[in-house]
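The next block holds one structure in the form of structure tokens; read it before the comments.
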Amino acid sequence: MTATQDRTTRSAPVPATPTGAQLPDPTIEKPRTARLALTLGAFVALGPLTIDMYLPALPTIATELETTSAAVQLTLTGTLIGLALGQLVLGPLSDRFGRRRPLLAGTAVHVVASLLVLLAPNIAVLGALRVLQGVGTAAGAVIAIAVVRDLFDGRAAATMLSRLFLVLGAAPVLAPTIGGEVLRFTSWRGVFVILALYGLALLVIGFFLIRETLPPERRSTAGVAGTLRSYRSLFGDRAYVGLVLVAGLTMAGLFAYVSGSSFVYQDQFGLDEQQFGLLFGAGAFWLIAATQLNPVLLRRFSPAQVLVAGTVAGALAGLVLLALAATGTGGLFAVAIPLWAVLFACGLALPNAPALALSRHGESAGTAAALLGAVQFGVGAAVSPLVGLLGNDAVAMGIVIVGSLGLAIVVLVTVVRPWQLTDVDTTDAPVPAH
């Protein structure tokens, strides 16, 4: 870009989307994409690490704290509830006070909660601290997406989210494996020491590397009443609400796998903690592969088309899983392979539903991202115990996956109506140089 072009760009007003939402501010200097993805991905990864690292220890926790497997799974639900509620608060706060301060404050809350887990005497206290952990991790989850919306729009946002999911996808791959290795030389509480240390590292990274992407003139000053008006405006956008529900139901299918996999692989098929970690990581590989295929597909297809294809493919793979599990055909890999197909399909859907939803509300990206994240993790929190209630086996997992993704297809057709969506950004939105 020449100096003349640069001056022209920086003096241009921020254009509006067809729905009246502001496009990303071209006056904000864009950081290099790879560095931004790595930095934001490190914060977003705190959520999956917090959720997944202790999964190999769930049966051990149930024994040590003298409780049931369903009760232990509720500690996972508590984390998801904290993630959902935390985003509803932190998203609007980031619209009012900027992105940086809420991000660092939430991460500090997570560190404190992780250290307090070391003193948890029973399942009730552990569950409460997991809720607090979830609130802390909500900062990274919602603010990273808001930062992407500050800087990108439409296809550029979907592409950036796919790169972000590459970093995010490494967390589920590594988390159970790290957890299994930690359990070789310490108790399950040692997992939370590792989480606390990671949170401390993020505070240092955030303090020195994260800069503010929401300038004061673009911040909300309306207070609580303005936040409520923003939420009311979001609920008035039918397509946005539908896309949020689709994202939540897709996440529900993913969390059915997360919440039930340790019991299916360890109790039903007899794997040990380390073997479970490796097989869980193998599944997460397919999620990563799909998120990285997504930018390639977006060169030819719209985000809406990829979203529909991923959701339908996931539901079909879930039906195959359910059929094989119900008939007892094929053993372990007859369960694992269809699950990998489900994860691949979810990897195609997950970046595109948020990108389409947020492209409609750039003027309140934090609030829009907060509601999106709250629904995603709220639905995940509601669905996670269902796998346990239905029996904690492969059939139960298949039922929940098929039900979640089947409902997502219904919402796509009846509420979102993807054939009516406009692709907000094709060529005009600012895209940073590589």
Side-chain angles (χ1 to χ4, degrees), residues 38-58 60-61 64-65 72-87 89-90 100-144 167-168 170-210 258 262 273 277 280-281 373 377 381:
L38 287 169
T39 305
L40 294 180
F43 277 91
V44 176
L46 184 61
L49 286 172
T50 301
I51 293 166
D52 293 344
M53 267 187 68
Y54 86 139
L55 292 181
L58 290 185
T60 303
I61 294 173
E64 183 176 322
L65 297 183
V72 173
Q73 281 177 311
L74 286 175
T75 64
L76 173 61
T77 300
T79 312
L80 300 179
I81 290 173
L83 271 164
L85 296 178
Q87 290 184 72
V89 174
L90 291 168
R100 192 170 180 270
R101 284 184 289 173
L103 179 63
L104 296 177
T107 305
V109 168
H110 176 275
V111 171
V112 172
S114 299
L115 293 174
L116 289 176
V117 168
L118 301 178
L119 306 175
N122 53 52
I123 194 67
V125 174
L126 176 61
L129 291 173
R130 291 287 286 170
V131 174
L132 190 60
Q133 273 192 311
V135 171
T137 61
V142 68
I143 293 173
V167 184
L168 176 62
V173 172
L174 296 174
T177 304
I178 294 171
E181 293 302 316
V182 169
L183 292 172
R184 287 181 182 271
F185 59 86
T186 186
S187 71
W188 58 270
R189 296 178 195 267
V191 172
F192 293 91
V193 174
I194 302 298
L195 288 171
L197 293 174
Y198 182 71
L200 287 171
L202 287 179
L203 287 174
V204 175
I205 291 171
F207 185 81
F208 288 105
L209 295 184
I210 295 290
V258 170
S262 61
E273 293 166 339
F280 190 93
F377 289 103

Sole residue of Val109, Val112, Val117 in side-chain contact (heavy atoms from CB on, under 4.5 Å) with Leu132 =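 By the side-chain contact (heavy atoms from CB on, under 4.5 Å) criterion, Leu132 pairs with just one of Val109, Val112, Val117: Val109.
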
State, to 0.1 Å, how close [X] and [Y] come at their nearest heavy-atom pair, and which atoms those are.
X: Ala139; Y: Pro102; answer: CB-O, 3.6 Å
X: Leu90; Y: Val135; answer: CD1-O, 3.8 Å
X: Thr107; Y: Gly199; answer: CG2-O, 3.6 Å
X: Pro48; Y: Val44; answer: CD-O, 3.0 Å
X: Pro56; Y: Gly179; answer: CG-C, 4.5 Å
X: Leu203; Y: Val111; answer: CD1-CG2, 4.5 Å

Rounded to the nearest 0.5 Å, what separation is found between the [atom1] atom of [X] and the [atom2] atom of [Y]?
X: Arg130; Y: Thr79; atom1: CZ; atom2: OG1; answer: 3.0 Å
X: Leu195; Y: Met53; atom1: CG; atom2: CE; answer: 5.0 Å
X: Ile210; Y: Ile205; atom1: CD1; atom2: CD1; answer: 9.0 Å
X: Leu103; Y: Ile143; atom1: CG; atom2: CD1; answer: 5.0 Å
X: Leu126; Y: Ile123; atom1: CG; atom2: CD1; answer: 5.0 Å
X: Thr137; Y: Leu202; atom1: OG1; atom2: CG; answer: 11.0 Å

Does the side-chain contact (heavy atoms from CB on, under 4.5 Å) test come out yes or no for Phe280 and Asp52, once each step is laid out?
-> CA-CA 10 Å; Phe280 190 93; Asp52 293 344; 4.0 Å; yes

Does Arg100 count as lying over the ring of Phe207, i.e. NZ or CZ under 6.0 Å from the six-ring centre, within 45 degrees of the axis?
->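 Yes, Arg100 and Phe207 form such a contact.
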
If you measure only the distance, is there a donor-acceptor pair under 3.5 Å linking the side chains of Tyr54 and Thr75?
->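 On atom types as modelled, these side chains qualify, holding a pair under 3.5 Å.
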
Could you check if a side-chain atom of [X] sits within less than 4.5 angstrom of a side-chain atom of [Y], using non-hydrogen atoms only?
X: Thr50; Y: Tyr198; answer: no
X: Leu55; Y: Leu58; answer: yes
X: Leu80; Y: Ile51; answer: yes

